[in-house]
Amino acid sequence: MGKLAITGGEPLRRSPFTQWPMSTKEEADALLDVLTSTKWGGQPFPGKHADAFAKKFAAAHSAKYGQCVNTGTVAIQAALKAIGIRPGDEVIVPAYTWEGTVGPVLLINAVPVFVDVDPDTYCLDAKLIEQAITPKTKAILPVHLGMRFADMDEILRIAKKHNLKVIEDCAHAHGGMWNGKGAGSMGDLGAFSFQSSKLITSGEGGAVITNNLEYLELVQSYINAGRASLTDQFHHRTIGFNYRLGEFQAAVLGPQLDRLPQHAAVREKTIKHFESRLQNIPGISLLKPEPRITRLAPYGYVFKYFASKVKDIPRASFVAALQLEGIPCDGLFYEPVYKSSLFPVDSADFPALSWGREKPLDLRSMYSCPEADRAAYHEAVWFPHQLFLGTTADVDAIADAIGKVLANIEELRGLDHKAIRNQKLGRADRES
Ligand SMILES: Cc1ncc(COP(=O)(O)O)c(C=O)c1O
């Protein structure tokens with residue numbers, strides 16, 4: 001028996017952290033309002049709750065227009081359609097993100113072009129974008145990942161220079177601000193997810209925001225079975241699908257948006273405290289501060305773990321030991337998308353990968369992104385945002401547990417444990 005919980009010792013933390021999602025009477029009242037109405041769906045379009053929320057959500061992110069959709073993946077797909085991405089067009093995406101950033105590009109038979117991430121932010125590295133641009137490139141799709149923004153100043157400059165559109169994947173960035181501007185309002189469109197783990201959630205759901213009425217109209221037609229948009233000033237007619245958000249889901253979003261500033265303030269305070277506790281801990285390094293982020297939106301709190309500084313104990317063992325101490329966290333949270341088991345691309349299904357080529361592009365083997373590899377397989381440690389919605393005592397427990405694991409790190413050498421084996425697998429491949 002060792003001191004660490006993973007080797008039979010007492011876990012440092014037994015009580016649960018703040019649970020997520022959370023709800024109040026406001027959500028219950030809003031749900032009852034839908035239940036007792038005859039309008040449960042998104043048709044007639046738009047639903048009352050979805051419409052009210054979308055307007056407020058857009059305004060909260062300094063955008064003129066907003067439209068709810070049924071998932072974040074669809075939000076990206078609808079945004080790609082709105083900017084006119086056509087089969088064979090190339091879209092630049094970060095290598096290190098959720099597969100849902102990239103899937104929509106393939107789904108509309110466009111071609112994702114992977115670019116490595118910046119080690120300071122784990123977001124798309126703007127310095128590498130220009131070398132990935134070809135005559136077929138039509139758009140850049142940065143992700144504001146974890147707790148950082150992609151460098152929007154640089155991305156917008158490059159987009160302007162090369163006449164490219166920009167879609168911000170804001171699935172992690174609800175309420176985030178860059179130089180005082182809301183996430184999703186700086187590019188042509190911003191795409192949000194309201195899936196269960198997100199900073200605002202309806203279980204499943206999404207939204208698109210934009211300052212361009214024509215894009216809004218295209219999104220509305222596309223997600224509403226091709227019907228004319230509400231304003232129909234641009235008279236676009238398109239094949240559309242039913243990607244509407246239902247009213248039960250929309251109803252629980254409004255109260256959460258109202259609470260978001262309060263949550264952001266709590267997270268800011270607890271994260272500041274957490275970071276003060278993590279100063280000068282061997283093996284752990286904080287992400288570089290970014291003064292252009294004027295409001296933090298930490299979907300995940302992320303730091304770097306350097307095995308080489310803690311006797312070469314791999315991240316999988318460190319993270320598994322922390323988990324057993326009672327701290328929810330993850331290491332292999334994302335992989336470079338093209339290496340993930342959730343990306344089994346068969347070029348026969350995506351004809352644009354073959355157009356104009358002797359052999360189809362093999363997306364799984366043609367890329368090498370060392371920073372994405374490092375983040376995915378060695379360095380990044382992710383903590384879910386709700387851990388930071390409680391008290392400073394909660395984050396003290398996380399810091400104490402980190403200290404305990406590092407102080408007893410030798411116990412992990414050569415250890416075989418299911419939690420460690422699981423940590424070596426991508427999330428989709430783990431044993432439950
Ligand atoms: C970065 C990123 N992009 C896109 C998505 C897709 O969102 P959804 O799961 O709502 O389809 C997610 C979330 O799951 C995400 O984390």
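The residues of the chain are indexed from 1 along the displayed sequence. None of the values given here were measured: they were computed from a predicted structure.
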Main-chain N/O of G182 paired with S62 side-chain donor or acceptor, under 3.5 Å: yes
Test log, rule side chain to side chain contact (heavy atoms under 4.5 Å, CB included), inputs M152 and N179: CA-CA 10 Å; M152 286 308 290; N179 282 331; over 6 Å; no
CZ-OG distance between R357 and S347, expressed to the nearest 0.5 angstrom: 11.5 Å
Side-chain heavy atoms of V74 within contact of Y222, under 4.5 Å: no
Rounded distance (nearest 0.5 Å) linking atom CE of M186 with atom CE of M177: 9.0 Å
Salt-bridge present (D400, R277; N to O < 4.0 Å): yes
Backbone of G176 reached by a side-chain donor or acceptor of R295 within 3.5 Å: no
Side-chain touch K138/K165, heavy atoms, less than 4.5 angstrom: no
Whether over 12 other heavy atoms sit under 6.0 Å from K304 NZ: yes
Chi angles and distances behind the side chain to side chain contact (heavy atoms under 4.5 Å, CB included) call for W98, V143: CA-CA 9 Å; W98 172 239; V143 181; over 6 Å; no
Heavy-atom pair of closest approach, residues S276 and H273: OG-O, 2.6 Å
Test item: Q131 side-chain N/O and I129 main-chain N/O as donor-acceptor pair under 3.5 Å: no
R86 atom CZ, neighbour heavy-atom count above 12 within 6.0 Å: no
Parallel, tilted or perpendicular: rings of F303 and Y301 (30°, 60°): perpendicular
Shortest non-hydrogen separation from L245 to S202 and the atoms involved: CD1-OG, 4.5 Å
Side-chain donor/acceptor of R364 to backbone N/O of S340, under 3.5 Å: yes
Side chain H61, main chain F57, donor-acceptor under 3.5 Å: yes
M22 to L389 - nearest heavy-atom pair and separation: CE-CD1, 3.9 Å
Min side-chain heavy-atom separation Q195-T71 under 4.5 Å: no
Salt-bridge criterion met for K272 and E275 (N-O under 4.0 Å): no
Straight-line distance of D396 CG to R13 CZ, nearest 0.5 Å: 10.5 Å
Gap separating the CG atom of L141 from the CG atom of L164, nearest 0.5 angstrom: 12.0 Å
Side chain to side chain contact (heavy atoms under 4.5 Å, CB included) evaluation trace for L218 with K81: CA-CA 8 Å; L218 281 156; K81 291 295 289 185; over 6 Å; no
Taking every non-hydrogen atom, the tightest pair across L287 and M147: CD1-CG, 4.1 Å
Side chain proximity check, T24 to R259, heavy atoms < 4.5 angstrom: yes
F388 side chain reached by V266 side chain, heavy atoms, under 4.5 Å: no
Donor-acceptor under 3.5 Å (H144 side chain, D169 main chain): no
Separation between CG of L156 and CG of D151, rounded to the nearest 0.5 Å: 9.0 Å
Residue of the set W178, Y299, Y122 for which ring pair (Phe, Tyr, Trp, His ring centres under 6.0 Å) holds with F149: W178
Which atom of T101 lies closest to which atom of I76, heavy atoms considered: CA-CD1, 3.8 Å
Residue N163 excluded, over 12 heavy atoms near CG under 6.0 Å: no
Pairwise side-chain contact, V381 with I284, heavy-atom cut-off 4.5 Å (strictly under): no
D373 to P336 - nearest heavy-atom pair and separation: OD1-CG, 3.3 Å
Side chain to side chain contact (heavy atoms under 4.5 Å, CB included) between Q256 and E27, worked out: CA-CA 8 Å; Q256 294 179 72; E27 278 89 343; 3.4 Å; yes
Side-chain (E90) to main-chain (I133) donor-acceptor, under 3.5 angstrom: no
Check: K3 main-chain N/O paired with E411 side-chain donor or acceptor under 3.5 Å: yes
pair Y338-M366: side-chain heavy atoms closer than 4.5 Å: no
Sub-6.0 Å ring centroid separation between W20 and H385: yes
Side-chain touch D118/R148, heavy atoms, less than 4.5 angstrom: no
Backbone of A419 reached by a side-chain donor or acceptor of H417 within 3.5 Å: yes
Nearest-0.5 Å distance that lies between atom CZ in R427 and atom CG in D330: 6.5 Å
Parallel, tilted or perpendicular: rings of F114 and Y367 (30°, 60°): perpendicular
E268 atom CD: more than 12 heavy-atom contacts under 6.0 Å: no
Side chain S193, main chain A171, donor-acceptor under 3.5 Å: no
Plane angle bin for F383 and F274 - parallel if under 30°, tilted between 30 and 60°, otherwise perpendicular: perpendicular
